[in-house]
Each structure stands twice: as C-alpha cells, then as structure tokens.
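Bear in mind the structure is a predicted one, so any value in this text is a computation, not a measurement.
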Amino acid sequence: MGDEDWEAEITKPHVSSYVPVFEKDKYSSGANGDTFNRTSASSSEMEDGPSRKDHFMRSGFASGRSLGNRDAGQSNKRENTSIMGGFGSGKSFGNRGFSNNKFEEGDSSGFWKESNNDCEDNQTWSRGFSKRGDNEYDQDEGVQRTSGLFGSRRPAVSGAGHGDSYQCRSGSGSGRGGYKGLNEEVITGSGKNSWKSEAEGGESGDIQGPKVTYIPPPPPEDEDSIFAHYQTGINFDKYDTILVEVSGHDAPPAILTFEEANLCQTLNNNIAKAGYTKLTPVQKYSIPIILAGRDLMACAQTGSGKTAAFLLPILAHLMRDGITASRFKELQEPECIIVAPTRELINQIYLEARKFSFGTCVRAVVIYGGTQLGHSIRQIVQGCNVLCATPGRLMDIIGKEKIGLKQVKYLVLDEADRMLDMGFGPEMKKLISCPGMPSKEQRQTLLFSATFPEEIQRLAGEFLKTNYLFVAVGQVGGACRDVQQTVLQVGQYSKREKLVEILRSIGDERTMVFVETKKKADFIATFLCQEKISTTSIHGDREQREREQALGDFRCGKCPVLVATSVAARGLDIENVQHVINFDLPSTIDEYVHRIGRTGRCGNTGRAISFFDPESDNHLAQPLVKVLTDAQQDVPAWLEEIAFSTYVPGFSGSTRGNVFASVDTRKGKSTLNTASFSSSQTPNPVDDESWD
Ligand SMILES: Nc1ncnc2c1ncn2[C@@H]1O[C@H](COP(=O)(O)OP(=O)(O)OP(=O)(O)O)[C@@H](O)[C@H]1O
C-alpha cells in the first residue's frame with residue numbers, strides 16, 4: 001500500500017484505532033527464531049515482506065476496520081476503546097507516514113505534532129494540563145479533571161468545538177470536564193454528596209464505555225516470591241555520605257540501624273527476609289519522624305528506598321495499636337490510605353506492604369483502574385487496613401460507600417509532587433474533604449517524591465499540619481548519581497537509526513526507551529520488533545491486561561526492551577534495568593529525573609542516554625546542564641552553548657517552577673546533617689563532593 005492510501009484512510013473521521021500487541025511470541029520476527037505474531041488472525045498481515053510495515057502502519061495505527069480477520073469481539077472492543085479515549089481520531093493521524101526509514105516531511109505535522117494532538121485530546125479531558133507527558137497519567141484513571149483548582153498555567157480548553165465530539169466529556173454542565181479513562185467501568189453513585197455528584201456528572205453523564213471485566217491474576221502467595229528481591233549495588237554504602245537536610249521544628253534524631261527503630265519482631269523478621277540489613281538515608285530520617293507521629297514531606301533520589309521509609313513505621317504503629325482486619329465488618333475502614341499516580345506503581349507499593357506485613361494482623365489491599373470494580377470491592381470486604389489505590393478507583397470506591405474514612409490515621413501520597421499538581425491535585429483535595437475523612441490535625445500525612453518543585457511544596461501546606469518536617473536527601477530534584485548520563489544531539493529523522501545502533505550494541509541488557517506519546521510508543525515498539533529486537537510497550541492506551549503482561553515480559557527478560565511513555569517514568573522498581581534511553585526528552589526536567597531513575601537503583605549503576613533534538617528540546621538545555629553538573633556528569637560543549645544561548649535570567653531549573661528548590665520552601669532549617677551524622681550545621685563541601 002502506498003502512503004497515499006494510508007493517509008487517505010487515516011484522515012477519515014472517527015476511524016477506530018487498533019493498538020498492536022507487541023509481545024514476543026506474537027510476532028514473527030524471523031531469523032533468530034523469535035516468533036512475534038500479531039493477535040490471532042491479523043498475524044498474516046504482519047509476517048513478511050515489504051508490505052509488513054505498511055500493514056503495521058495501516059492497521060496498527062489507523063483503522064480497526066482494516067482488521068477484517070480479527071475476531072469480532074476483539075474488533076468491537078478496540079472500536080469501543082477508541083471511542084472511550086483511545087487514539088482513534090483520524091484527525092490525530094493526519095499526514096503521518098514513513099519513507100526510507102525516515103519521517104516524511106508531513107511527519108513533522110504527524111509524529112512531531114502528535115504530542116500536540118495528544119494535548120488537544122488531553123485538553124478535552126484534562127483541563128489545564130501543561131505538560132505533554134501528563135496525558136499518560138491522565139489517561140490512567142477514570143477521574144474527573146478540573147482546571148483552576150490549583151491554578152492553571154494554561155488556559156482551560158473546552159472540549160466542545162474541537163470537532164471530536166466523542167472525546168468531549170463536559171457532561172456535568174458545570175463547565176468541568178471529567179472523563180473515564182480507557183476501559184474504566186463507569187460508576188454511577190447515589191449522588192447524595194456534593195463532592196460525589198460533581199465527579200459523577202463528569203463521569204456518568206456522557207458516553208459509557210464497555211464494562212471492565214479484567215481481574216488481575218493474584219500475586220504468588222509463597223514466601224519465596226513474596227520476599228524475592230534484588231541485590232543492593234556497589235554504591236549502596238555511598239548513600240551514607242549524601243547530605244541530608246531536615247527542616248522544621250523539633251525533629252526527632254535520625255536512627256542508624258533498624259534495631260534502633262524498635263520495631264516488633266515480626267516486622268524485623270520481614271525486613272531481614274527482604275534482604276534489608278542497612279537503612280538508606282531517607283529511611284534513617286523518615287522512620288523516626290513518622291514513628292514520632294509527625295507529618296512529613298520527604299524528598300530523596302530515585303531508587304533510594306522511600307517506599308519502606310513510610311511503610312515500616314506505619315505498619316509498626318498499626319501493629320502496636322492492635323489493628324485486626326476483619327472480613328466480618330460490614331464497612332471496611334482502613335487505617336492507612338496510600339495513593340500513587342499509576343496502576344503499576346500502586347501495585348508495586350502494595351506488594352511491598354504485603355511483604356512487610358507478612359504474618360501480621362495487618363491486611364493490605366490494592367485497587368486500581370482498568371480492573372473490574374467488583375474485584376476491587378471483593379478485595380476490600382475481605383478486610384482492609386492499608387488501602388493502596390490509584391486516585392480514580394479510590395474516589396469510585398468512596399463514592400460507592402464501600403469504605404469508610406473515619407479510621408484513617410495515615411494518608412500517604414507517593415510521587416507527591418505528581419499527586420498534588422494540576423492533574424491529580426483536585427482529586428486529592430476532594431479526598432481530604434470527603435465526608436468522614438479526619439482533618440489534617442487528626443491524621444498523619446506523608447508526602448514522598450524524588451522531586452518537589454517549590455510551587456507544589458506550597459500547595460502541600462493544605463494537606464499537612466503546619467509543623468510538618470521536611471527531609472531533603474541530597475539535592476532536591478537532583479538525579480541519582482549512580483546513573484551515568486549521556487546526552488547526544490540527534491535530530492528527529494536520525495533517532496530511529498541511532499536507537500537501533502545503541503540497542504544492538506547493548507545486546508540483551510534490559511532497556512527502557514521513553515517516548516513522548518502513546519502513539520509513538522506503539523510505533524517505535526513495532527519498528528523495533530521489525531528490526532528483530534524483542535520489544536514490548538506500556539502506555540495508557542493499552543488495556544490493563546496488556547500493560548501487566550508487558551511489564552511481566554520486561555521484568556522476566558522475555559522482552560529486554562520496553563518502550564514506554566511517562567506512565568512508566570515514576571516509581572517502577574525493576575531489577576536489572578541497565579539502560580534508559582530518552583528517545584524523546586520529556587517536557588520537564590523533573591520528568592527526566594524520574595525517567596532516568598528507573599536505572600541505577602539501590603546502589604546499582606545504570607546508564608541513561610538522551611536524544612536531544614535542538615529543534616524541540618532547547619528549553620531543556622539549561623535545566624539539563626544543571627542536572628548533569630549537580631550529578632557530576634560530563635556536560636557536552638554543544639549543550640552548554642545551547643543553554644547559554646537560551647539563557648533565561650532568574651532561571652529556576654524547570655519549565656514549570658523551581659525543581660531545584662534546594663530547601664524547604666518555609667526556609668525554616670533546624671538541622672543540617674549528613675546521613676553519617678556530622679554535627680555540622682552547615683553543609684560540608686567535602687561530603688557534598690564525595691557522596692558519589
Ligand atoms: N534498606 C534497604 N536495603 C536494601 N534494599 C532496599 C532498602 N530500602 C529499599 N531497598 C530496595 O531498593 C529498591 C528501591 O526502593 P524504592 O522503590 O522504595 O525506591 P524509591 O526511593 O521509592 O524510588 P523512586 O523515587 O523511583 O520511586 C527496592 O527494590 C527496595 O526493595
């Protein structure tokens with residue numbers, strides 16, 4: 001098929017899209033014996049010859065209708081998917097095509113503008129988002145997005161009038177645009193409560209998608225699997241030299257060992273079985289603060305053990321207070337709620353909670369979007385002390401009155417800057433004002449992230465008691481120094497060639513390739529499969545089952561390359577990820593820091609390679625130079641030049657605020673120590689330089 005045909009087809013309005021399934025074993029990739037077949041009948045389109053790429057482009061990205069051989073149910077599902085917010089807008093695909101392995105001229109308004117198209121889509125769903133990559137989170141949950149609550153940097157865009165009426169979710173009549181994420185089950189509640197009906201207006205007032213039936217397989221129950229872990233790396237001990245700053249009044253002293261935390265025996269046993277022998281800095285400082293009942297905002301580099309830093313003291317308190325999860329209680333009232341921005345991350349946090357609470361009376365439960373709501377409810381009614389949830393599903397469950405909030409003593413926001421920004425901030429505000437939710441004076445609120453822009457720190461005040469403590473491990477918003485960062489100048493037309501070159505030289509080492517949009521993730525994964533590089537992909541337009549399968553295949557090494565959007569940028573802790581490649585740089589520097597933090601975790605080393613396209617990435621030059629310099633990485637001369645030429649006076653390090661808030665924005669420093677407890681009240685420059 002010629003490109004003309006492809007373009008003609010894709011520009012048809014309301015053409016359904018098919019998201020290709022990339023898993024190995026499903027595509028035939030030829031010589032090396034890998035068999036990659038597309039799902040069922042469409043595989044024949046894929047197999048060989050020059051037409052293969054065309055087929056991928058045509059049926060893979062454009063039209064469910066061209067999937068004549070697919071079974072009807074699947075085809076239907078895809079159509080629905082696209083209607084529900086998949087990427088099926090013919091408009092979005094206009095002018096896209098390839099020739100001679102390069103984006104065609106038109107591609108600059110295709111792939112390159114793809115993010116803009118996504119933003120357009122996004123604007124209809126999520127008012128006031130300023131970041132390209134935010135789509136991913138936005139897509140992740142079936143929550144209403146609103147503008148203005150935290151102040152939009154961009155004018156809110158009405159969904160109406162875009163011509164994509166099926167994408168508009170402004171059904172509440174309030175001028176707000178809620179939406180249901182892909183394949184979310186639409187929840188219709190009683191509408192008794194004002195906060196609830198507001199959400200419902202957006203969610204139920206419009207198009208309803210197919211009912212979500214996916215029930216995730218239960219995680220393995222055997223002890224070996226529960227406590228499976230990877231080894232800390234050669235740089236684990238170097239964590240001790242990282243500067244730690246604690247701000248706020250009357251901070252309890254840090255602890256040096258797990259024993260000093262005085263946790264109960266079962267918890268100590270579980271910590272030992274998890275392979276933890278030594279505390280990381282964020283744990284040394286956060287555990288005593290949480291045990292002392294203080295609110296906390298903690299910022300520590302990626303992969304440095306923030307999850308255990310909040311889980312262990314919470315579990316210790318729950319056990320001390322004699323909590324018993326009971327399946328016989330009519331209404332489950334969790335004592336702890338943990339929220340995180342993505343499904344995979346919250347699932348990972350749940351597995352950590354399950355590990356540390358193993359053999360105790362505390363029961364952790366996870367609920368997240370893209371899975372059957374009934375399944376979530378069944379998990380909860382069996383007893384729930386620690387509820388790990390994504391925001392949309394949490395609000396659904398609360399709206400359905402399946403949990404009571406009166407007993408909440410701990411509220412944890414992981415990736416807190418993300419949870420409080422314009423995407424999820426409104427949901428979090430709703431959460432804390434839900435009927436029954438104890439006020440901030442009555443509960444302990446804990447915020448954790450590797451990045452904390454100043455503006456978000458200020459917003460966090462609403463969630464925290466005024467005397468909260470702020471722990472900063474190393475440079476706030478800084479990159480992990482165990483990641484060797486390389487920035488290459490690569491124009492968009494050369495990126496694929498460069499990617500293949502790098503992946504071939506890497507061999508089978510586990511690599512995450514980040515791209516900026518869901519469509520591009522599909523495209524690049526497809527392209528790599530064609531190049532016989534075993535690849536899978538994860539992004540917000542894939543069904544939850546596919547996302548979990550992709551992650552599973554990547555984790556076990558079946559597919560050593562995972563092409564991902566920002567949905568996988570934060571929190572994911574996958575063993576042996578040796579490389580992160582930013583095929584596209586993200587729009588903000590904090591997103592960059594999170595992405596490259598998927599490697600170099602827990603004292604292990606890793607490598608990050610970023611393609612810098614001067615056509616589109618110049619705004620990142622300045623913050624990038626700062627991140628590289630702070631992490632003692634080589635800064636290419638050309639990048640310095642671009643940074644210099646695009647110099648912004650009063651540069652704050654981020655396209656959306658000061659990522660490099662070196663201190664607590666309250667500026668009320670009370671202690672300043674290194675993790676090794678130097679008693680100095682001022683930073684020791686030697687320590688600072690030697691912490692890597
Ligand atoms: N004290 C410890 N000893 C050994 N391993 C640890 C310790 N603390 C955490 N880990 C392990 O380190 C890895 C990274 O931890 P975790 O995922 O909590 O990092 P994080 O700081 O939350 O990272 P991110 O910012 O990317 O979310 C996990 O595999 C965890 O089990």
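- Counting heavy atoms from C-beta on, the side chains of E427 and L394 never come closer than 4.5 Å.
- Between F611 and F583, the ring planes lie tilted relative to each other; the angle falls in the 30° to 60° range.
- Side-chain contact between F470 and V476: present, with at least one pair of heavy atoms (C-beta onward) separated by less than 4.5 Å.
- Under the 4.5 Å side-chain criterion, counting only non-hydrogen atoms from C-beta, S566 is not in contact with E516.
- At a threshold of 4.0 Å, the pair K278-D237 counts as salt-bridged, since one of the basic side-chain nitrogens sits closer than that to a carboxylate oxygen.
- Between K429 and E462 there is a salt bridge, since a side-chain N of the basic residue sits under 4.0 Å from a carboxylate O of the acidic one.
- Using the six-membered ring where Trp is involved, Y410 and H317 have ring planes that are tilted, between 30° and 60° apart.
- The pair K306-D414 fails the salt-bridge criterion, with no side-chain N (NZ, NE, NH1 or NH2) lying under 4.0 Å from an Asp/Glu carboxylate O.
- Using a distance-only test at 3.5 Å, with no hydrogens or angles considered, a donor-acceptor pair links the side chain of Q348 to the main chain of D573.
- Side-chain contact, H594 with T451: a donor N or O sits under 3.5 Å from an acceptor N or O.
- You'll find the side chain of L405 reaches within 4.5 Å of the side chain of I398, heavy atoms only.
- Taking all atoms of both residues into account, the shortest heavy-atom contact from R542 to S537 is NH1-O, 2.7 Å.
- The residues R607 and D482 are annotated as not salt-bridged, no charged nitrogen and carboxylate oxygen being separated by less than 4.0 angstrom.
- With a 4.5 Å cut-off on side-chain heavy atoms, Y350 and P219 count as touching.
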message: Go through it in stages, so that I can follow the logic: the residues are I349 and L351, the test is side chain to side chain contact (heavy atoms under 4.5 Å, CB included), and I'd like the CA-CA distance, side-chain angles, deciding distance and then a yes or no.
response: CA-CA 5 Å; I349 293 169; L351 292 174; over 6 Å; no

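- Of the listed residues (R545, Q544, E548, H375), just one forms a side-chain hydrogen bond (donor to acceptor under 3.5 Å, both in side chains) with Y214, and that residue is E548.
- By the 4.5 Å heavy-atom criterion applied to side chains, P216 and Y368 are counted as neighbours.
- D584 has no carboxylate O lying under 4.0 Å from a charged side-chain N of R595, or vice versa, which leaves the two without a salt bridge.
- Within the 4.5 Å cutoff, no side-chain heavy atoms of Y468 are placed close to those of R294.
- Side-chain contact between S376 and I397 is present, with at least one heavy-atom pair separated by less than 4.5 Å.
- A donor and an acceptor atom, one from each side chain of Y230 and N604, are nowhere located under 3.5 Å apart.
- Between E335 and K409, none of the side-chain N atoms (NZ, or NE/NH1/NH2) sits under 4.0 Å from a carboxylate O, so this pair counts as no salt bridge.
- The pair K626-D630 counts as a salt bridge, with a side-chain nitrogen and a carboxylate oxygen less than 4.0 angstrom apart.
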